Amino acid sequence: MGPVEFHVLGCGDAMGSGGRLQSSFLLSSGSSRLLIDCGATGLLAMKRFGVDPGSIGAIALTHLHGDHYTGLVFLLLEARHVSKRKAPLAIAGPPGVEARLMSTMELMFPGSTEIGYPFPLTFTELRAGAATTLLEAVITPREVVHPSGAPSLGLRVELGGKVIAFSGDTEWTDALIELTRAADLFVCECLHSLPFPNFHIDYQTLQSKRPQLSCKRILLTHLGAQMLGRAAAGELELECADDGMKIAL
């Protein structure tokens, strides 16, 4: 297993603040290509940043909101009709992930779910506290606080001797302390600058909780307009993601 590369394909919020693409992150190690989330702009991001969709062997979803999973509809259509994919594809997500994706696909492209795929497509339901292996990655979910019609999950990914933690979307919860334990990188959503009661983390709260987090590095994502303004003004101490960013771990 080679070194791990972390590639930001999209780090924006649901509203596209700052013109950013929606949440999608690629982890690569050796021949393993694992995608974490695939927002509506996921396939666009792959083509913009030179990532072959056919090289991705597995996709893990933190939760079932449109800006985190609906890009799979376009990915599957491209695999079926354009690239004629043959390699297997594994999709993992919260309970009900297959039914939610198929119903979304049918709403967006009626009749599309009645056609098969020229490649093996499998679904795995992720459950809090239960480790799941996808490719060479071991994924351990923790339930977080973010209503999405199914349990929303933070993901702890062990790959190539590294640990990368993803908050998904959530307000502050102590589950993040264990999720990020000794992680090499914590990809943390931070929609707001100040406390705001709508199931998202804010910068002020995250800064106050930072001493409890033993991760080596924090990368902020899913920034709202106010947070983007503060980042541009150089007012933030924590590092912020950008679309297309690559980090070698």
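What you are looking at is a predicted structure, and each value in this text was computed from that prediction instead of being measured.
Of the possible polar contacts, one joining the His65 side chain to the Pro147 backbone as a donor-acceptor pair under 3.5 Å is found. A donor-acceptor pair under 3.5 Å is formed between the side chain of Thr173 and the backbone N or O of Ala175. Checked by atom type and distance alone, the side chain of Glu239 never pairs as donor or acceptor with a backbone atom of Leu219 at under 3.5 Å. In this structure a side-chain-to-backbone donor-acceptor pair under 3.5 Å is missing from His200 to Thr170. Between the side chain of Arg80 and the main chain of Gly116, a donor-acceptor pair closer than 3.5 Å is present. Side chain of Asp202 to backbone of Thr205: a donor-acceptor contact under 3.5 angstrom is found. A distance-only check finds no donor-acceptor pair linking the side chain of Thr180 to the backbone of Cys215 [under 3.5 Å]. Checked by atom type and distance alone, the side chain of Arg210 pairs as donor or acceptor with a backbone atom of Leu213 at under 3.5 Å.
When the side-chain contact (heavy atoms from CB on, under 4.5 Å) test is applied to Phe119, the partners found at least two apart in sequence or on another chain are Leu76, Ala79, Arg85, Leu89, Tyr117, Leu121.
The structure places CE of Met227 at 10.5 Å from CD1 of Ile201, a figure rounded to the nearest 0.5 Å. Residue Ile247 holds its CD1 atom at 5.5 Å from CG of Leu185, rounded to the nearest 0.5 Å. Rounded to the nearest 0.5 angstrom, Ile139 CD1 and Ile164 CD1 are separated by 10.0 Å. Atom NZ in Lys246 sits 4.5 Å away from atom CD in Glu5 (nearest 0.5 Å). Distance CG/Leu75 to OG/Ser83: 8.5 Å, rounded to 0.5 Å. Remark: Cys190 SG to Arg230 CZ distance equals 9.0 Å, nearest 0.5 Å.
Using bins of under 30°, 30° to 60° and over 60° for the plane-to-plane angle, the ring pair Phe166/Phe6 lands in the tilted bin.
A salt bridge between Arg20 and Asp243 is absent, with no side-chain N of the basic residue lying under 4.0 Å from a carboxylate O of the acidic one. With respect to Glu98 and Arg100, no salt bridge is recorded, no charged nitrogen being found less than 4.0 Å from a carboxylate O.
A continuous path of hydrophobic side-chain contacts links Leu27 to Leu153 [ILVMFWY only; heavy atoms under 4.5 Å]. If you chain together hydrophobic residues whose side chains sit under 4.5 Å apart, Met46 and Leu72 fall into the same group. With hydrophobic clusters built from ILVMFWY side chains whose heavy atoms lie under 4.5 angstrom apart, Phe49 shares a cluster with Ile59. Hydrophobic clustering (side-chain heavy atoms under 4.5 Å, transitive across Ile, Leu, Val, Met, Phe, Trp, Tyr) keeps Val157 apart from Leu176. Note on Met102: it does not cluster hydrophobically with Leu107, by side-chain heavy-atom contacts below 4.5 Å among ILVMFWY residues.
Nearest heavy-atom pair, Asp169 versus Glu189, reported as atom, atom and distance to 0.1 Å: CA-OE2, 3.4 Å. Counting all heavy atoms, side chain and backbone alike, Leu61 lies closest to Leu126 at O-CD1, 4.1 Å. Shown here for Asp184 and Gly161, the closest heavy-atom pair between the two residues is OD2-O, 4.5 Å. Listed here is the closest heavy atom pair of Leu155 and Pro141: CD2-CB, 3.9 Å. Among all heavy-atom pairs drawn from Arg127 and Pro95, the shortest one is NH1-CG, 3.5 Å. In this structure, Leu134 and Ala58 approach most closely via the heavy-atom pair CB-CB, 4.1 Å.
Within 6.0 Å of CD in Glu237 there are 12 or fewer heavy atoms belonging to other residues, nucleotides or ligands.
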Chi angles and distances behind the side-chain hydrogen bond (donor to acceptor under 3.5 Å, both in side chains) call for Arg156, Thr140: CA-CA 5 Å; Arg156 181 180 174 89; Thr140 305; over 6 Å; no

Criterion side chain to side chain contact (heavy atoms under 4.5 Å, CB included) on His222 and Ser23, from CA distance to verdict: CA-CA 7 Å; His222 207 277; Ser23 294; 3.9 Å; yes

Please assess Glu106 against Thr113 for the test side-chain hydrogen bond (donor to acceptor under 3.5 Å, both in side chains), listing each intermediate value before the final yes or no. CA-CA 6 Å; Glu106 190 62 25; Thr113 60; 2.6 Å; yes

Checking Thr132 against Val138 for the side chain to side chain contact (heavy atoms under 4.5 Å, CB included) test, could you report, in this order, the C-alpha distance in whole Å, the side-chain angles of both residues, the deciding distance, and whether it holds? CA-CA 6 Å; Thr132 296; Val138 177; over 6 Å; no

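The closest side-chain heavy-atom distance from Leu194 to Tyr203 is not below 4.5 Å. Side chains of Phe25 and His7 form no contact here, defined as non-hydrogen atoms less than 4.5 Å apart.
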Determine all donor-acceptor pairs shorter than 3.5 Å in which one atom belongs to a side chain in residues 34-45; sequence neighbours excluded.
| unit_1 | atom_1 | unit_2 | atom_2 | d |
| --- | --- | --- | --- | --- |
| Asp37 | OD1 | Thr62 | N | 2.8 |
| Asp37 | OD1 | Thr62 | OG1 | 3.2 |
| Asp37 | OD2 | Thr62 | OG1 | 2.9 |
| Asp37 | OD2 | His68 | ND1 | 2.8 |
| Thr41 | OG1 | Gln22 | N | 2.8 |

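Note on residues 78-115: no pairs pass ring-ring contact (aromatic ring centres under 6.0 Å, His included), not counting sequence neighbours.
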